[in-house]
Amino acid sequence: MCRSIKTLRPPMTPEVHDEDVRAAALQYVRKVSGFRAPAAHNREVFDAAVEAVAAATAELLAGLEVRGPARADTPAAS
């Protein structure tokens with residue numbers, strides 16, 4: 001769906017920062033809403049959605065249990 005969103009889970013991405021999570025959340029909300037930048041009357045709900053998606057993403061990444069090393073032929077982005 002969002003080709004510019006990178007895989008963030010280790011070991012695909014060894015070091016994930018809050019900025020990476022927020023950027024992925026922003027891309028997701030942009031894609032789903034159809035807005036690159038929302039109008040002023042939609043800004044609050046747009047920003048709230050970005051924060052909610054970022055929080056859910058951080059929770060997901062923190063809870064994942066990765067077993068074994070990454071396969072060498074696995075692409076870093078999907």
Please report the interatomic distance [atom1]([X]) to [atom2]([Y]), rounded to the nearest 0.5 Å.
X: Arg36; Y: Gln27; atom1: CZ; atom2: CD; result: 8.0 Å
X: Thr57; Y: Asp18; atom1: OG1; atom2: CG; result: 11.5 Å
X: Thr7; Y: Asp20; atom1: OG1; atom2: CG; result: 12.0 Å

Between [X] and [Y], which heavy-atom pair has the shortest distance, and what is it?
X: Leu8; Y: Val21; result: CD1-CA, 4.0 Å
X: Ala25; Y: Ala54; result: CB-N, 3.5 Å
X: Arg30; Y: Phe46; result: CG-CZ, 3.9 Å

Side chain to side chain donor-acceptor pair (under 3.5 Å) filter on Glu59, not counting sequence neighbours, yields none

Practice task
Only counting residues at least two apart or in another chain, list the ones meeting side chain to side chain contact (heavy atoms under 4.5 Å, CB included) with Ala49.
Solution key: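 Listed in chain order: Val29.
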
Any side-chain heavy-atom pair from Arg22 and Glu51 closer than 4.5 angstrom?
yes

same_hphob_cluster(Val16, Leu60) at 4.5 Å side-chain heavy-atom cutoff:
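Yes.
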
